[in-house]
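Structure first, commentary second.
This chain uses plain numbering: 1 for the first residue, then up along the sequence. What's counted below: heavy atoms across the whole structure, side chains too, no hydrogens, waters or symmetry copies.
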Amino acid sequence: MTISAARMAAVDRNAAALGVSTKQLMESSGNALARGVRDVADPDETVAVVAGRGNNGGDAFVAARFLADEFDASVRLLGRPETITTDIARENWDALRSAEIDAERVLDSTALDLGDPDVVLDGVLGTGVTGAPREPERSAIVAMNEVDATVVSVDVPSGTDADTGAVADVAVDADRIVTFHDLKPGLEGRADVTVADIGIPEAAETFVGPGDLRSLSRDPRAHKGDFGRVMVIGGGPYTGAPALCAQAALRAGADLAYVACPDAIAGEVQGYAEDLIVESFDGERLRPAHVDDLLAAAEGRDVVVIGPGLGGADETLDAVRDFLAGYDGTAVVDADALQVVPEVDTDADLVCTPHQGELAKMGGPREDDWEVRAARVREFAAELDVTLLVKGAYDVISDGETTRANRTGNPGMTVGGTGDVLAGITGAMASTQAPGQAAAIAAYANGTAGDVVVDEQGYGLLASDLLGEIPTALWGDRDA
């Protein structure tokens, strides 16, 4: 198993949310690095630590503290201490100085003199850095490669892309790499790698958390449409469901939300919110005759959400089958539309959002224990070749390969309409995220919004109460 740089950053943040702080993880990482140095060095040998200003440098500072009593250890910081990028890394720099360990800043990269060390600890660039190194990091990498010493790198050799192993310009030629938690893809096949357990709990990977929201970055130069055009096909017997779904998509960050619904209810749907773009078709419910026009309209949209409020009439389900059979984009399938999924041959990427009763109607498992359910949902998702978001006290999300769980939410969310809100959030997320990640973030955000509402007003919430809390659920804690 490997873990990408972005996913590793998310897991770190999730661990912090579970009470395992970055400070604890840095201490564990530094200890693991010190063990790695001890494996290649004899007591009293000279160890030169070269550190950057990020958390990689912080890990190296901690390692130097552990090594100082056994070895002739020195630390060279590339840059000014006040520019160290995190408080925790800066605290560990200050700890070195307070302990009177040989720790000096290097302001001129050409003046970096490593002497004649036995071991060099490379803590210059971390897993989140890509592209060609800039100064002073580039000169430091060259200097480390020129010394006749055993080189131990922190997480990945500086200058190496953690995800691809590519070197854009120069990279440290490491003899030993101590990487944390799991192997990085760019290190696959290397025999000189030690994977160190630094105490990240399994729950930080299993459960969706605030770290997963890190992927919701936005380019300040973005334009309308860059974050999704979501089309909701719904309504007929019900008017509120497609309106809730489309409003949730907007609250979750989609730029435009279209509602394709029967013209018999179009005025009511439009009346829920002026932000919705209502595109009606004739009649009182969805029928096969409408499918060609809907497919044509869907070509200009990023994601289709189909199902909210459609009802289960035979001709409506026939239309859903025809639509999915002819659609090749990303579709979120909800409510009555779910029951046709197992029998449809489609090129679309489907994200299905059933509760356990709906999942059983699809032919899927029904299990009380969420861990047992997770294993069986994974098998069923693989069988159908879809992404499943199975709603429950513990939501289970699986694409047949990766399986996650979400435990935000509360019993007040058993009220009707919260599933329509979830489908809309999922549609917005699927406009910019891979299906599995979209479903995971949507489950987390929907439940978090419900938790905020219950905290503020108690049970007896309405599904519409969630709408105003979705932005806070998605962005309020993203950078904490």
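For the pair N56 (side chain) and G52 (backbone), a donor-acceptor distance under 3.5 Å is absent. Between the side chain of D302 and the main chain of R229, a donor-acceptor pair closer than 3.5 Å is present. Not a single donor-acceptor pair under 3.5 Å links the side chain of T46 to the backbone N or O of P117. In this structure, the side chain of S28 engages the main chain of Q24 through a donor-acceptor pair within 3.5 Å. Under the 3.5 Å distance criterion, the side-chain polar atoms of E104 are left unmatched by any main-chain donor or acceptor of V75. Not a single donor-acceptor pair under 3.5 Å links the side chain of S21 to the backbone N or O of A16. Judged by distance alone, with hydrogens and angles left aside, the side-chain atoms of T2 form no donor-acceptor pair with the main-chain N or O of L183 at under 3.5 Å. D118 places no side-chain N or O within 3.5 Å of a backbone atom of A149 that could act as its donor or acceptor partner. Side chain of S29 to main chain of L25: a donor-acceptor pair is present (N/O by atom type, distance under 3.5 Å, no hydrogens or angles). For D255 (side chain) and G225 (main-chain N/O), a donor-acceptor pair under 3.5 Å exists by modelled atom type.
Only one option out of L78, L121, V151, D122 pairs with V50 in a side chain to side chain contact (heavy atoms under 4.5 Å, CB included); it is L78.
Ring orientation note: the planes of F207 and Y394 are nearly perpendicular, at an angle over 60° on the 30°/60° scale.
Between P201 and A15, the closest heavy-atom pair is CD-CB, 4.3 Å. Among all heavy-atom pairs drawn from G36 and V178, the shortest one is CA-CG2, 4.2 Å.
For D87, the salt bridge (Lys or Arg N to Asp or Glu O under 4.0 Å) criterion is met by R90, not counting sequence neighbours.
With salt bridges taken as basic N to acidic carboxylate O contacts below 4.0 Å, one links E27 and R65. A salt bridge links D334 with K391; the closest basic N to acidic carboxylate O contact falls under 4.0 Å. A salt bridge is absent between K184 and D163: the closest approach of a Lys/Arg side-chain nitrogen to an acidic carboxylate oxygen does not fall below 4.0 angstrom. A salt bridge between R214 and D12 is absent, with no side-chain N of the basic residue lying under 4.0 Å from a carboxylate O of the acidic one. Salt bridge annotation for D212-R7: present, with a cationic side-chain nitrogen under 4.0 angstrom from a carboxylate oxygen.
More than 12 heavy atoms of other shown residues, nucleotides or ligands fall within 6.0 angstrom of atom CZ in R190. For CG of D385, the number of neighbouring non-hydrogen atoms (other residues, nucleotides, ligands) closer than 6.0 Å is 12 at most. Counting non-hydrogen atoms of neighbouring residues, nucleotides and ligands closer than 6.0 angstrom, the CG atom of D108 exceeds 12 such neighbours. Atom CG of D455 has more than 12 neighbouring heavy atoms from other residues, nucleotides or ligands inside a 6.0 Å radius. Around CD of E100, the count of heavy atoms belonging to other residues, nucleotides or ligands within 6.0 Å does not exceed 12. Enclosure of atom CG in D148 is not indicated, since only 12 or fewer non-hydrogen atoms of other residues, nucleotides or ligands lie within 6.0 angstrom. For CG of D173, the number of neighbouring non-hydrogen atoms (other residues, nucleotides, ligands) closer than 6.0 Å is 12 at most. By the neighbour-count criterion of 12 heavy atoms within 6.0 Å, atom CG of D369 is densely surrounded, having more than that number from other residues, nucleotides or ligands.
To the nearest 0.5 Å, atoms CZ (F61) and CD (E91) are separated by 12.5 Å. Interatomic distance, I306 CD1 to I233 CD1, rounded to the nearest 0.5 Å: 4.5 Å. Separation of atoms CD (E379) and OG (S398) is listed at 9.5 Å; rounding is to 0.5 Å. With values rounded to the nearest 0.5 angstrom, M429 atom CE is found 13.5 Å from T330 atom OG1. Residue I397 holds its CD1 atom at 10.0 Å from CD of Q437, rounded to the nearest 0.5 Å.
Using modelled atom types, one finds no donor on one side chain facing an acceptor on the other under 3.5 Å when comparing D451 with T408. Residues N55 and T86 have side chains that bring a donor and an acceptor to within less than 3.5 angstrom of each other. Checking Q433 against S215 by side-chain atom types alone, a donor-acceptor pair falls below 3.5 Å.
Contact annotation: the side chain of N92 approaches that of M26 to within less than 4.5 Å [non-hydrogen atoms, C-beta and beyond]. In this structure, the side chains of V333 and V351 stay at 4.5 Å or more apart for every pair of heavy atoms. Side-chain contact between L114 and E146: absent, with no pair of heavy atoms (C-beta onward) separated by less than 4.5 Å. Considering only heavy atoms from C-beta on, V386 stays 4.5 Å or farther from F380 through its side chain. Proximity of L216 to L474: side-chain heavy atoms (C-beta onward) are separated by under 4.5 Å at one or more points. Using a 4.5 Å heavy-atom cutoff, the side chains of N446 and V421 are in contact. At a threshold of 4.5 Å between non-hydrogen side-chain atoms, the residues L388 and L359 count as touching. At least one side-chain heavy atom of I3 sits under 4.5 Å from a side-chain heavy atom of E205.
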Requested in this report: Take R76 and D102, measure what salt bridge (charged side-chain N to carboxylate O under 4.0 Å, His left out) needs, and give me the verdict at the end.
Outcome: CA-CA 9 Å; R76 297 297 175 260; D102 180 6; 3.3 Å; yes

Report task. Check the pair R53, E137 against salt bridge (charged side-chain N to carboxylate O under 4.0 Å, His left out), reporting the backbone distance first and the verdict last. Result -> CA-CA 10 Å; R53 291 164 292 157; E137 290 81 11; 3.6 Å; yes

